[in-house]
2 protein chains.
Amino acid sequence: MALSHSILATLVGRGKPCSGYDLAKEFNSSVGFYWKTTHQQIYRELAKLESEKMLTSELIKQKDRPDKKVYCVTDEGRAHLIKWIAQPSEPSPIKEDMLVKMFVGFLVPKEMLIEELEQLKIIHEEKLRLFREYEKKFFSDVRSLPEKGKFRYLNLRSGISFESGHIKWCEEAIDFLKNEFE
Amino acid sequence: MALSHSILATLVGRGKPCSGYDLAKEFNSSVGFYWKTTHQQIYRELAKLESEKMLTSELIKQKDRPDKKVYCVTDEGRAHLIKWIAQPSEPSPIKEDMLVKMFVGFLVPKEMLIEELEQLKIIHEEKLRLFREYEKKFFSDVRSLPEKGKFRYLNLRSGISFESGHIKWCEEAIDFLKNEFE
DNA sequence: TTTATATATGCAACTAGTTGAATACTTCTG
DNA sequence: CAGAAGTATTCAACTAGTTGCATATATAAA
């Protein structure tokens, strides 16, 4: 598991001190495309990482809004992250509800499955549309990007490939359900 | 979440009483391609499902091997499963370690990432090879399959699409790391 | 004969992740 | 001026999932 690594990575990626609130927001946008979580878990994990000396925190007093605590990655945290990167990682399990449903698809009318597949397809198409928009907006000239940007581009490409694959499968399954059952 | 649904689905899919041991084996082969778990969790979940009247159990005495407990899905369990299928499901989050690593890829030498990507690619290629073998062996004449078989075919197609997509992305990323960094 | 492998189930302790609520302050909108 | 929305943190209780251990029998291999 690696929520802690994900948090360390996000902090390192940002390159500047962040509050739990900032991280929670990031986890609902850029990073969130591959890692969902809640703000509670982030706050808890931050406290844990600090107790393990992976992070240091500083309390920032603010006049116009509530005070906040910003976190910085320590050298130890950075080293820990690099050590983790160096270890080979396995692909993550899938746990896709739709596949479980398909497995026992004979329990329900085909129309029900088709409708669900169509809804799923719409969700993936929407994500794909968003990713393609990002690609056009921020990554149209890949070669001129700074190093960090190139890595983010690769992540975005993964998202695009992933969503496209899902859409294709939805289409295949819908077509199959419509035509290959007598 | 849906481990319980996954267990119910597997039992219904099998169509005959199963022991926890049988299910654990199934979860490491066919179902396991989209859902990994441990035998402990299965036994616990089975006990829970039984207490909720979704399953009934029967103790089978065996001479040649240890006694076992086999489970059957009740009408209530079946209805519960169908109700779950009828609810729309969201795509599952990704949580792919490699993407987190890529996000902070600038921390390590590119060669390290390339090697990891190559190893990942091999894993996905091996899975794809296996899936294609299944496809050839059991699904070469799709039209003549019984209904259950057709749904399994769709699941297998999802696996094939998924693995192919991963392989393509690995290739793209390796190529990019080799050629698009000055 | 010892060892490994397969069958078969379960407890205890842990880590990870979710849900719901509470608190508190500020700015913007009606 | 009331209420909604945004900023900011935390507690408590729960569900889900992992790791390690314990137990028991039978067969096949070394």
Side-chain angles (χ1 to χ4, degrees), chain A residues 1-8 17-29 31-32 34-52 54-55 57-71 80 84 89-90 92-97 100, chain B residues 1-8 17-29 31-32 34-52 54-55 57-71 80 84 89-90 92-97 100:
Chain A
M1 222 301 299
L3 173 64
S4 61
H5 298 118
S6 210
I7 285 175
L8 282 175
C18 278
S19 68
Y21 191 80
D22 295 331
L23 286 169
K25 264 203 299 185
E26 185 115 346
F27 268 78
N28 290 323
S29 56
V31 188
Y34 55 83
W35 209 290
K36 288 268 186 294
T37 189
T38 55
H39 71 273
Q40 290 85 341
Q41 218 192 330
I42 288 169
Y43 283 117
R44 191 206 284 144
E45 207 67 37
L46 283 170
K48 203 182 155 201
L49 283 167
E50 192 183 6
S51 80
E52 291 166 346
M54 302 291 170
L55 304 175
S57 73
E58 199 189 342
L59 200 74
I60 307 288
K61 303 230 170 195
Q62 296 182 119
K63 278 163 261 163
D64 51 336
R65 16 191 99 168
D67 296 350
K68 65 178 176 178
K69 225 191 211 169
V70 295
Y71 291 88
H80 177 78
W84 172 72
S89 44
E90 277 174 46
S92 72
I94 305 179
K95 300 200 180 182
E96 193 72 52
D97 282 1
V100 180
Chain B
M1 223 301 302
L3 173 63
S4 62
H5 298 118
S6 210
I7 285 174
L8 283 173
C18 279
S19 67
Y21 190 80
D22 295 331
L23 286 169
K25 265 204 298 187
E26 185 116 347
F27 268 79
N28 290 321
S29 56
V31 188
Y34 55 82
W35 208 290
K36 289 267 185 296
T37 189
T38 55
H39 73 272
Q40 289 87 343
Q41 218 192 329
I42 287 170
Y43 284 118
R44 191 206 284 146
E45 208 66 39
L46 283 170
K48 203 182 155 201
L49 283 167
E50 193 184 5
S51 80
E52 291 166 349
M54 303 292 168
L55 303 176
S57 74
E58 196 189 342
L59 201 73
I60 307 287
K61 302 230 170 195
Q62 295 183 119
K63 280 163 260 159
D64 52 335
R65 20 191 93 171
D67 298 350
K68 65 177 177 180
K69 222 190 213 170
V70 295
Y71 291 90
H80 177 78
W84 173 71
S89 43
E90 278 175 45
S92 72
I94 306 180
K95 299 200 182 183
E96 193 73 51
D97 282 1
V100 180

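Here the structure is a predicted model, which means the values were calculated and not measured. Numbers restart at 1 for each chain; the letters A, B, ... are given by sequence-line order, proteins then strands.
- To the nearest angstrom, C1' of C/dA16 lies 14 Å from NE2 of A/H5.
- Per the geometry, CD belonging to B/E50 stands 12 Å off P belonging to C/dT9, to the nearest Å.
- To the nearest 0.5 Å, the span separating CG on B/L3 from CH2 on B/W35 amounts to 6.5 Å.
- Side-chain contact check for A/E45 and A/S4: no donor-acceptor pair (N or O, by modelled atom type) lies under 3.5 Å.
- In terms of heavy atoms, B/K69 sits closest to B/L59 at CG-CD1, 3.9 Å.
- Here the C1' atom of nucleotide C/dA16 and the NZ atom of B/K36 are 19 Å apart, to the nearest Å.
- Other residues, nucleotides and ligands contribute only 12 or fewer heavy atoms inside 6.0 Å of the CD atom of B/E90.
- Between B/K61 atom NZ and C/dA8 atom P the separation is 15 Å, expressed in whole Å.
- The side chain of B/K25 places an N or O atom within less than 4.0 Å of a non-bridging phosphate oxygen (OP1 or OP2) of C/dT7.
- Within the 4.0 Å cut-off from OP1 or OP2 of D/dG17, at least one side-chain nitrogen or oxygen of A/K95 is found.
- When every heavy atom of A/S89 is checked against every heavy atom of B/D97, the shortest pair comes out as CB-CB, 3.7 Å.
- Taking only side-chain nitrogens and oxygens, A/K48 comes nearer than 4.0 Å to OP1 or OP2 of C/dA16.
- In terms of the side-chain contact (heavy atoms from CB on, under 4.5 Å) criterion, residue partners of B/K68 (sequence neighbours excluded) are, by chain and number, B/S19, B/D22, B/I60, B/Q62, B/V70.
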> Which letter, B, S or -, goes with each nucleotide of nucleotides 19-26 of chain D from 5' to 3', with contact meaning a protein heavy atom under 4.0 Å?
Replying inline: BBB--BBS

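- In this structure, B/I60 places its CD1 atom 13 Å from C1' of C/dA8, rounding to the nearest Å.
- Nearest to the side-chain atoms of B/Y43 among the listed nucleotides D/dG17, D/dT10, C/dT9 stands C/dT9.
- Protein atom CG of B/L49 is 14 Å distant from nucleotide atom P of D/dT15, rounded to whole Å.
- C/dT26 atom P lies 16 Å from atom NZ of A/K68, rounded to whole Å.
- Side-chain N/O atoms of A/K69 include one lying less than 4.0 angstrom from OP1 or OP2 on D/dT10.
- Rounded to whole Å, atom P of C/dA8 lies 10 Å from atom CG of B/D67.
- A/E26 is linked by a side-chain contact (heavy atoms from CB on, under 4.5 Å) to A/T10, A/R14, A/S30, A/V31, B/F103, counting only residues two or more places apart in sequence or in another chain.
- Relative to the side chain of A/D22, the nucleotides D/dT9, D/dA8, C/dT9 differ in distance, and D/dA8 lies closest.
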